[in-house]
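See structure below.
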Amino acid sequence: VGNIEFDEKLDDPNFKRCLDEKYVFQYYNDSKGFQYKSEKREIEKEIQTLNLPENKEANGYITIRFVVNCEGKSGMFRMQQIDNEYKEYTFNKKLSDQLLNFTKKLNGWIPKEIEEKKVDYYQYLTYKIENGKVSEILP
């Protein structure tokens, strides 16, 4: 998977990591794992408010990986799209853009502490698409 490097064409220059970029942890690096206000249920509830385009032929996964800094702010978003056979796939641009924008607007990320120090961490959301609709959000 690798590190997410800052890209001036993609990333908000106002988003700042709190630590040296070599020290970005994974969301599961502490015993708390996935941390969002009201947990994943809140995200699942919020996604129901979107008017996503339907394409009954579309099946697969859209994964959006990003950094959550020590203030709970997110940035440096990267997207990968695959079909049900885990081969690279391109979903309808409107669908992928809406999911990316939805993910960028989520503002309930909880800062992590490791060894009593607030840290930056990588987080991801994978949207499982079945018959053109989001059927599940992982992890």
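Computed from a prediction, not measured in an experiment: that's the story for all the values here. Basis for what follows: all heavy atoms, side chains included, without hydrogens, waters or symmetry-related copies.
Residues Trp109 and Gln35 form no side-chain contact, since every pair of their non-hydrogen atoms from C-beta on lies 4.5 Å or further apart. Counting heavy atoms from C-beta on, the side chains of Leu99 and Ile129 come closer than 4.5 Å.
In the model, Tyr127 has a side-chain atom that pairs as donor or acceptor with a side-chain atom of Thr103 under 3.5 Å.
Residues passing the salt bridge (Lys or Arg N to Asp or Glu O under 4.0 Å) test with Glu115, sequence neighbours excluded: none.
Judged purely by atom type and a 3.5 angstrom limit, Gln81 uses its side chain to pair as donor or acceptor with the backbone of Phe91. Using modelled atom types, one side-chain atom of Asp7 and one backbone atom of Lys9 make a donor-acceptor pair closer than 3.5 Å. When atom types are taken as modelled, the side chain of Lys40 and the backbone of Pro139 share a donor-acceptor pair closer than 3.5 angstrom. Side-chain atoms of Asn59 never come within 3.5 Å of backbone atoms of Asn84 as a donor-acceptor pair (strictly under, hydrogens ignored). Within the 3.5 Å criterion, the main-chain N or O of Arg17 finds no donor-acceptor partner in the side chain of Asn69.
With hydrophobic clusters built from ILVMFWY side chains whose heavy atoms lie under 4.5 angstrom apart, Ile43 shares a cluster with Leu100.
Using a 4.0 Å cut-off between charged side-chain N and carboxylate O, Arg78 and Asp11 make a salt bridge. Ion pairing between Lys87 and Asp83 fails under the 4.0 Å rule for side-chain N and carboxylate O.
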